[in-house]
Each structure stands twice: as structure tokens, then as C-alpha cells.
Amino acid sequence: QVQLVESGGGLVQPGGSLRLSCAASGTIFSISNMAWYRQAPGKERELVATITRSGTTNYVDSVKGRFTISRDNAKNTVYLQMNSLKPEDTAVYYCTANALTTTLNKYWGQGTQVTVSS
């Protein structure tokens, strides 16, 4: 019912920046929380940042001060601005959306690769 498509990943040098985008489409009545997760090879999936519909945000300690999550409710889109990137930020990044159609479900995007390397 709901499709999430991430974009903006790529290769960047340490200290560089990237902005990830995730657009939700489908017959959606509303979206409550949206979030970004990441998963590095051999590691568990990690919650990176969350944002409510009203704009309240939360971040994992390792990205505080470097990453900013935001959203455009009119476009059903969530963003992740990533600054001062470190090699340990390398992972596949996934967006999620708690979306109400005829029911309320959590949807996942396909993921986008972020590689931080010199």
C-alpha cells in the first residue's frame, strides 16, 4: 500500500556531507513518526534518528551534533542531513514511516548505501 524510496547515498570522504531523502507514496491518510536506521556489515541494525509529525526529534548519541533529521509533511518526505561524516558512519541507511491507510503500519524503504572512506 505504501512505498518508501530513499535517495542521496554515495561515497564521501571523512569530514564530508551527504543529504538523504525518503519519499512515501501511495494512498496515505497520514504519517506519524518517521525514522532513519542504518546497518553496517556484520552489525545489528541501529536506530539513528526519529521525528514526529510535529517535528520533535531524537538521535543516537554517536550522531548528535552531526546529523539532522527533518520532514516535509506536504510531500510525505523525510530527510537526513549528515555532516562531519566518519568512517564508522558507513552503512546501508533505511527510512521508515508509520503510515495510516486503512490501517496503521510501519513501512520500510529499500535502503541506500553510504560509504565514508578516503
Side-chain angles (χ1 to χ4, degrees):
Q1 293 181 320
V2 176
Q3 312 292 325
L4 297 179
V5 179
E6 299 102 331
S7 62
L11 175 64
V12 65
Q13 294 184 0
S17 298
L18 286 173
R19 190 177 81 147
L20 306 183
S21 300
C22 174
S25 62
T27 305
I28 302 170
F29 182 76
S30 65
I31 298 175
S32 56
N33 291 353
M34 302 185 82
W36 288 95
Y37 291 78
R38 66 186 180 187
Q39 187 166 27
K43 295 185 177 180
E44 294 184 336
R45 188 170 59 201
E46 175 186 37
L47 178 61
V48 177
T50 62
I51 185 167
T52 69
R53 184 171 180 84
S54 62
T56 300
T57 60
N58 192 36
Y59 302 90
V60 67
D61 286 345
S62 61
V63 308
K64 288 181 178 177
R66 300 189 297 120
F67 290 11
T68 302
I69 187 171
S70 61
R71 64 190 289 171
D72 185 335
N73 292 336
K75 296 181 178 179
N76 285 336
T77 299
V78 63
Y79 307 92
L80 186 67
Q81 178 67 48
M82 304 185 294
N83 299 325
S84 302
L85 283 162
K86 304 175 181 180
E88 49 263 46
D89 295 318
T90 296
V92 177
Y93 284 71
Y94 300 89
C95 68
T96 67
N98 293 340
L100 178 65
T101 56
T102 55
T103 59
L104 180 65
N105 290 289
K106 184 176 183 178
Y107 296 88
W108 290 77
Q110 82 288 350
T112 185
Q113 176 71 49
V114 172
T115 302
V116 184
S117 177
S118 60

Indicate, with yes or no, if [Y] and [X] share a hydrophobic cluster defined by side-chain heavy-atom contacts under 4.5 Å among Ile, Leu, Val, Met, Phe, Trp and Tyr.
| X | Y | result |
| --- | --- | --- |
| Y94 | V60 | no |
| V12 | L80 | yes |
| W36 | L85 | yes |
| Y107 | Y37 | no |
| L4 | I51 | yes |

Shortest non-hydrogen separation from [X] to [Y] and the atoms involved:
| X | Y | answer |
| --- | --- | --- |
| R53 | I31 | NH1-O, 3.3 Å |
| V114 | G9 | CG2-CA, 4.2 Å |
| T50 | A35 | CG2-CB, 3.8 Å |
| M34 | N76 | CE-O, 4.3 Å |
| S17 | S84 | OG-N, 4.3 Å |

Measuring from atom [atom1] of [X] to atom [atom2] of [Y], what distance do you get when rounded to the nearest 0.5 angstrom?
| X | Y | atom1 | atom2 | value |
| --- | --- | --- | --- | --- |
| D72 | Y79 | CG | OH | 5.0 Å |
| Q3 | I28 | CD | CD1 | 9.5 Å |
| L20 | I69 | CG | CD1 | 10.0 Å |
| T27 | L100 | OG1 | CG | 12.0 Å |
| N83 | F67 | CG | CZ | 8.5 Å |
| S21 | R71 | OG | CZ | 14.0 Å |

Could you check whether any side-chain heavy atom of [X] comes within less than 4.5 Å of a side-chain heavy atom of [Y], counting everything from C-beta outward?
| X | Y | value |
| --- | --- | --- |
| M82 | V63 | no |
| Y59 | T68 | yes |
| E6 | Q110 | yes |
| V2 | N105 | no |
| Q113 | L11 | no |

Task: E88 CD: over 12 foreign heavy atoms closer than 6.0 Å - done: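 For E88, atom CD is crowded (more than 12 foreign heavy atoms under 6.0 Å).
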Salt bridge flag under 4.0 Å for residues D89 and K86: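 K86 and D89: not salt-bridged.
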Side chain to side chain donor-acceptor pair (under 3.5 Å) assessment of S117 paired with T115: CA-CA 6 Å; S117 177; T115 302; over 6 Å; no
